[in-house]
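Quick note: numbers below take in every heavy atom, side chains included, and nothing from hydrogens, waters or symmetry partners. Throughout, protein chains are lettered first and strands after them, A, B, ... in sequence-line order, and every chain is numbered starting at 1.
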There are 2 protein chains.
Amino acid sequence: MRVLLVEDDTVLGAGVRDQIKAEGHSVDWVTRLDDAADYIAAATYDLVLLDLMLPDGRGLPFLQNLRKRGDVTPVIILTALDQISDRIDGLNAGADDYMVKPFDLAELSARLAAVARRYTGNPNPLVEIADLEVDLAAKSVRRQGKLLSLTAREWVLFEGFVQHPGQIISKAQLEDRLYAFDIEIESNTIEVHISRLRKKLGREKIVTVRGMGYRLGET
Amino acid sequence: MRVLLVEDDTVLGAGVRDQIKAEGHSVDWVTRLDDAADYIAAATYDLVLLDLMLPDGRGLPFLQNLRKRGDVTPVIILTALDQISDRIDGLNAGADDYMVKPFDLAELSARLAAVARRYTGNPNPLVEIADLEVDLAAKSVRRQGKLLSLTAREWVLFEGFVQHPGQIISKAQLEDRLYAFDIEIESNTIEVHISRLRKKLGREKIVTVRGMGYRLGET
DNA sequence: CTTTTCCCGTCAGGTAGCTGTAATAAACAG
DNA sequence: CTGTTTATTACAGCTACCTGACGGGAAAAG
């Protein structure tokens, strides 16, 4: 397995690198996001270990960008920010897992193995809906081959429809997908997002069921 | 998505169950490994949330056994904070993820979504009535394969018939389904709705029982 | 730091289609 | 045949929904 380690802490980085090598994998170690981008562009890795705080920027936007470009390489986030919100943001940004520093090296091994198991021999399954190609893992949609750029909320909503094809999803459920359950919303936000989605996907892809909610159109 | 929750703590269990339900998934909740085995054998789940310490045994051997039998249902382990070695063992035993108690419900959502990403929707159970296929979860009816679009009221009425097959339902009862119990109605609204329903479903699907109400036609 | 860009929540005006009502026809029981 | 219950159709009101526009705010660009 080829692993790219993006970590600026030299002590921790060396420890992680040695551990992974000890497991029989090959490791490239960079300390800056710029370098990481170059390395990823040049070679294909089976796993990226990504620190979120780096000298030349934050890791989260970097990861989002990566996913937006259609890259599906498994990413495990390494973070000192032990706040739950950061962890969730990481997962939502397209990370496959996260580890909070300082972490046990044995735990690193276990997660390494889990990710490897999850992804070996699994090219990303594509869901086809009329002229759309949806890659749930990569969070990407193509329409007639052309990559659509959905915003974060748009994707969350659309993902819901794809995961429950044919099922009617109420506006309350869609709200729950977008917002933490304690946050109130007092306007037609959902309708607006649906409208924006339809403009990108094609009007007929999302069907209104008056008084009940929305559902994916028949393929 | 169908979720099996294996957790003996009643407070935590109830919270998790409610959260998952709020996301639109269906949940079965058991507190013993024996029961879990029965449930898994009887139905197919899309996700299992597994506590490791249960009254009738430990979850780890249970999980290993499950994997040994070739079951690949995604499993997320729920474990107390102080059992780090268990977490590693869990991942090695074939778990897809773990969560440390006490965990934030928002984090549960995120991880649920991560698992659901890989989940390719199993079709919901269908109720068959003559040439109709009824999907209660999706609130959809197909007639000879073609999707019918019922309105909100129509669906509520029809759902009532499907949930009580063969049973005679009075017009008063149907009114109660449509309207809050205090609202009065002074016209033949129910009859009109029945008429509209019959036009969509096929005249013979709903049988009039003069003086008493309506019931579903013989399958 | 300033400028620009983009995302998102809110609002208002417009539209479509569901739904209750009533009028009329049909079915049924005695 | 007569009275009663149910079916069907048409229609108007109203509610849920759609969509373009706007501004605040955050992130990216300069």
Open item on the list: Nearest to the T189(A) side chain among dT6(D), dT10(C), dC17(D), which nucleotide is it?
Closed with: dT10(C)
Open item on the list: If the cut-off is 4.0 Å, is Y179(B) near the phosphate of dT19(C), judged by side-chain N/O to OP1 or OP2?
Closed with: no
TODO: Could you tell me whether K146(A) and D131(A) make a salt bridge, using a distance below 4.0 angstrom between a side-chain N and a carboxylate O?
DONE: no
Task: Interatomic distance where CG belongs to L148(A) and P belongs to dC7(C) [whole Å] - done: 13 Å
TODO: Report the distance from atom CD1 of I190(B) to atom P of dT21(C), rounded to the nearest whole Å.
DONE: 11 Å
TODO: With V6(A) as reference, evaluate I40(A), D35(A), V48(A), L49(A) under the side chain to side chain contact (heavy atoms under 4.5 Å, CB included) test and give the passing residue.
DONE: V48(A)
Task: Rounded interatomic separation in angstrom, taking CD1 from I206(B) and P from dT6(D) - done: 15 Å
Task: 5' precedence on DNA chain D between R210(B) and N188(B) (nearest-nucleotide basis) - done: R210(B)
- [ ] Quickly work out the E191(A) CD to dA12(C) P distance and round it to whole Å.
- [x] 15 Å
Task: Presence of Y214(B) side-chain N/O under 4.0 Å of dA7(D) phosphate oxygens OP1/OP2 - done: yes
Open item on the list: Rounding to an integer number of Å, can you tell me how far E175(B) CD sits from dT6(D) P?
Closed with: 13 Å
Review item, side-chain donor-acceptor pairs of residues 25-33 of chain A, under 3.5 Å, at least two apart:
{"unit_1": "D28(A)", "atom_1": "OD2", "unit_2": "Y45(A)", "atom_2": "OH", "d": "2.5"}
{"unit_1": "W29(A)", "atom_1": "NE1", "unit_2": "E7(A)", "atom_2": "O", "d": "2.9"}
{"unit_1": "R32(A)", "atom_1": "NH2", "unit_2": "D34(A)", "atom_2": "OD2", "d": "3.4"}

Task: Which residue lies more 5' along DNA chain C, comparing T151(A) with E154(B) via nearest heavy atoms - done: T151(A)
Open item on the list: Go through it in stages, so that I can follow the logic: the residues are R198(B) and E204(B), the test is salt bridge (Lys or Arg N to Asp or Glu O under 4.0 Å), and I'd like the CA-CA distance, side-chain angles, deciding distance and then a yes or no.
Closed with: CA-CA 7 Å; R198(B) 289 212 255 236; E204(B) 75 288 358; over 6 Å; no
- [ ] Consider the side chain of R153(A), meaning its heavy atoms from C-beta on, and name the nucleotide among dT19(C), dC8(C), dT10(C) that approaches it most closely.
- [x] dC8(C)
Open item on the list: Counting only heavy atoms and a strict 4.0 angstrom limit, can you tell me which residues of residues 193-204 of chain B come near DNA chain C?
Closed with: H193(B), R196(B)
Open item on the list: In this structure, how many angstroms lie between the C1' atom of dC7(C) and the CG atom of L150(A), rounded?
Closed with: 13 Å
Task: Distance below 4.0 Å between K171(A) side-chain N/O and dA16(D) OP1 or OP2 - done: no
- [ ] Quick one: closest heavy-atom pair of E154(A) and K200(A), and the distance?
- [x] OE1-NZ, 2.7 Å
Task: E133(A)/R143(A) ion pair, N-O < 4.0 Å - done: no
- [ ] Could you check how far CG of L33(A) sits from P of dA28(D), rounded to whole Å?
- [x] 12 Å
TODO: Taking all non-hydrogen atoms of both residues into account, name the closest pair between D51(A) and L54(A) and its distance.
DONE: O-CD1, 3.5 Å
